[in-house]
Amino acid sequence: MHKIYFATGNAHKLREAKNILGEVGYEVEQLDCDYPELQADDLETISAYGARWCADKLDRDVMVDDSGIFIDALNGFPGPYSRYVEDHLGNQKVLKLMEGDTNRKAVFRTVVGFCLPGGEPHTFIGEVVGTISLEERGVHGFGYDPIFLYEGQTFGELEDVKKNRVSHRGNAMRKFAHWLESNPR
Ligand code: IMP
């Protein structure tokens with residue numbers, strides 16, 4: 001089985017990646033590589049930078065995952081600042097910001113970055129469109145999952161397997177796996 005080295009400190013992302021990539025024949029191994037978070041306006045730049053930084057530092061091929069939630073009524077905020085907003089405001093404050101808004105549309109986006117040592121990074125974008133719920137729901141998942149509604153259920157109400165089938169991360173990682181088939185290392 002081919003191995004994919006995933007630089008992440010996030011146990012939830014790791015669990016999901018193992019499930020998503022395991023289904024298409026890859027084994028995922030976690031790497032300890034805390035790359036500096038670039039302050040950039042788009043996830044692609046951040047992801048490409050992280051993948052290259054880790055690949056060069058560890059001298060091996062590396063995958064990273066940079067994700068964010070883009071809320072229509074907030075002009076795409078928090079987007080690349082999703083981590084900061086979750087850490088400093090949290091879901092309840094996001095719901096408060098959205099109070100009275102009838103446009104609840106939101107997009108979850110993951111950009112998978114992949115790089116070989118000394119090489120150019122490749123990026124793979126996955127998205128899922130949903131809405132922001134009126135209250136937190138569900139005990140599964142992490143981060144914004146309890147307020148992201150997809151076809152009547154929040155991601156927090158979905159078991160991993162169901163979320164992975166439709167999620168931003170699932171879509172991005174399956175794209176990456178597909179690319180790997182025609183670009184073997
Ligand atoms: P990052 O990719 O680790 O920078 O994540 C950005 C923010 O989005 C963090 O606050 C994560 O907890 C959150 N996040 C990333 N992926 C997901 C997801 O699949 N569900 C819910 N929240 C997520």
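Counting starts at 1 for both ligands and their atoms, in listed order.
Near ligand 1, Lys13, Glu37, Asp65, Asp66, Ser67, Ser82, Arg83, Glu86, Phe108, Phe142, Gly143, Tyr144, Asp145, Lys163, His168, Arg169 each place a heavy atom less than 4.0 angstrom from the ligand.
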Distance-only donor-acceptor hits, side chain of residues 135-144, under 3.5 Å, sequence neighbours excluded:
residue	atom	partner	partner atom	Å
Glu136	OE1	Asn91	ND2	3.2
Glu136	OE2	Gln92	NE2	2.9
Arg137	NE	Glu157	OE1	3.3
Arg137	NE	Glu157	OE2	3.4
Arg137	NH2	Gly152	O	3.1
Arg137	NH2	Glu157	OE1	3.0
Tyr144	OH	Ser82	O	2.6
Tyr144	OH	Glu86	N	3.2

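Within the structure, salt bridge (Lys or Arg N to Asp or Glu O under 4.0 Å) pairs that include any residue of residues 39-48 do not occur (at least two apart or interchain).
In this view, His12 and Arg15 satisfy the side-chain hydrogen bond (donor to acceptor under 3.5 Å, both in side chains) rule, not counting sequence neighbours.
Closest approach of Ala51 to Gly113, counting heavy atoms only: CB-C, 3.6 Å.
A donor atom on one side chain and an acceptor atom on the other are not found under 3.5 Å apart for Asn19 and Asp160.
Under a 4.0 Å N-O distance rule, the pair Glu16/Lys13 does not qualify as a salt bridge.
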